[in-house]
Amino acid sequence: RGLMDWPPIVERMYELALWLVVKAGRFPKDQRFLLGARIVTKALDIQDQLLAAALTPAGPEKRDRLAKLDLDLERLRYLLRLAKDVRCLSPRAWQYAARHLLEIGKSLGGWRKSLSG
């Protein structure tokens with residue numbers, strides 16, 4: 001598969017994951033290996049799940065994968081909110097990530113809806 005064959009949501013998540021890897025690497029040492037690692041792991045898990053969903057034929061398995069992704073996006077939102085509240089992310093950085101997650105969530109919702117009709 002070429003880069004252009006993937007659904008746009010896959011590329012959006014890649015961009016967010018890349019940004020989060022860099023940001024988490026700059027977290028204070030006491031949070032880098034706890035909260036930072038958890039955020040990066042969750043983002044990379046979501047990326048993996050998006051790739052798997054893109055390769056899964058339409059049907060119940062694909063719908064289940066996308067439903068799980070919805071929950072994992074919500075988990076990532078809460079981890080990022082926590083990072084903001086403990087001041088590992090600035091409010092501006094948090095807003096950037098939140099906007100990306102909102103966009104990804106809307107795309108995921110559209111993808112799920114397209115499979116149910």
Side-chain angles (χ1 to χ4, degrees):
R1 273 185 178 251
L3 194 56
M4 300 313 257
D5 295 341
W6 295 108
I9 189 174
V10 172
E11 188 59 28
R12 278 192 215 106
M13 188 61 217
Y14 175 84
E15 290 167 5
L16 178 60
L18 176 63
W19 183 84
L20 287 170
V21 165
V22 172
K23 277 292 180 189
R26 296 182 184 143
F27 279 13
K29 192 174 184 178
D30 63 329
Q31 291 301 327
R32 191 175 315 142
F33 302 107
L34 295 171
L35 187 54
R38 184 96 183 253
I39 287 169
V40 169
T41 299
K42 182 57 67 184
L44 294 176
D45 287 348
I46 291 169
Q47 181 73 50
D48 286 347
Q49 292 171 42
L50 282 169
L51 291 169
L55 293 171
T56 302
E61 184 183 350
K62 188 174 200 119
R63 285 193 295 275
D64 290 348
R65 284 184 185 276
L66 296 179
K68 184 182 181 319
L69 270 161
D70 221 6
L71 176 59
D72 281 340
L73 281 175
E74 198 58 38
R75 288 176 172 148
L76 182 56
R77 276 187 194 94
Y78 271 88
L79 288 169
L80 291 171
R81 180 177 160 200
L82 182 59
K84 174 188 63 97
D85 290 345
V86 298
R87 295 188 170 91
C88 290
L89 283 178
S90 69
R92 186 169 168 220
W94 176 76
Q95 286 173 348
Y96 173 86
R99 275 194 309 272
H100 266 72
L101 278 175
L102 183 62
E103 199 177 291
I104 291 164
K106 285 180 181 178
S107 294
L108 180 59
W111 197 1
R112 289 181 70 189
K113 192 173 185 177
S114 76
L115 294 176
S116 65

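Other residues, nucleotides and ligands place no more than 12 heavy atoms under 6.0 Å from the CZ atom of Arg38.
The hydrophobic cluster containing Leu102 does not contain Leu18, counting ILVMFWY residues as joined when their side-chain heavy atoms lie under 4.5 angstrom apart, directly or transitively. A continuous path of Ile, Leu, Val, Met, Phe, Trp and Tyr side chains, each step under 4.5 Å between heavy atoms, connects Leu20 with Leu82, placing both in one hydrophobic cluster. The cluster map of Ile, Leu, Val, Met, Phe, Trp and Tyr, joined by side-chain heavy atoms under 4.5 Å apart, puts Leu80 and Val86 in the same cluster. A chain of hydrophobic side-chain contacts below 4.5 Å, direct or via other Ile, Leu, Val, Met, Phe, Trp or Tyr residues, connects Leu76 to Ile104.
Of the possible donor and acceptor atoms, one in the side chain of Lys62 sits under 3.5 Å from a partner among the backbone N and O of Ala53.
One distance of note links CD of Gln49 with CG of Leu108; it measures 10.0 Å at 0.5 Å rounding. Considering CG of Leu51 and CD1 of Ile9, their distance stands at 11.0 Å, rounded to 0.5 Å. Here the straight-line distance linking atom CG of Leu50 with atom CH2 of Trp6 works out to 10.0 Å at 0.5 Å rounding. Between the CD atom in Glu11 and the CG atom in Leu16 there is a gap of 12.0 Å [rounded to 0.5 Å]. Summarising the geometry, atom CG belonging to Leu79 is positioned 11.5 Å from atom SG belonging to Cys88; distances are rounded to the nearest 0.5 Å. The structure places NZ of Lys29 at 12.5 Å from CG of Leu34, a figure rounded to the nearest 0.5 Å.
When every heavy atom of Ala24 is checked against every heavy atom of Arg32, the shortest pair comes out as O-CG, 3.4 Å. Contact record, Met13 with Ile46: SD-CG2, 3.7 Å, taken as the closest heavy-atom pair. Smallest separation of non-hydrogen atoms from Ala52 and Thr56: O-OG1, 2.6 Å. Of all heavy-atom pairs between Arg77 and Leu101, the closest is NH2-O, 3.5 Å. Across every non-hydrogen atom of Leu73 and Gly105, the tightest pair is CD1-CA, 4.0 Å.
Between Glu61 and Arg65, at least one side-chain nitrogen of the basic residue sits less than 4.0 Å from a carboxylate oxygen of the acidic one, meeting the salt-bridge criterion.
Every residue was checked against the ring-ring contact (aromatic ring centres under 6.0 Å, His included) condition with Phe33, not counting sequence neighbours, and none meets it.
Counting only residues at least two apart or on different chains, the ring pair (Phe, Tyr, Trp, His ring centres under 6.0 Å) pairs with a member in residues 70-112 are Trp19-Tyr96, Tyr96-His100.
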task = Before giving the answer on side chain to side chain contact (heavy atoms under 4.5 Å, CB included), spell out for Asp70 and Glu74 the whole-Å C-alpha distance, their side-chain angles and the decisive distance to 0.1 Å.
result = CA-CA 7 Å; Asp70 221 6; Glu74 198 58 38; over 6 Å; no
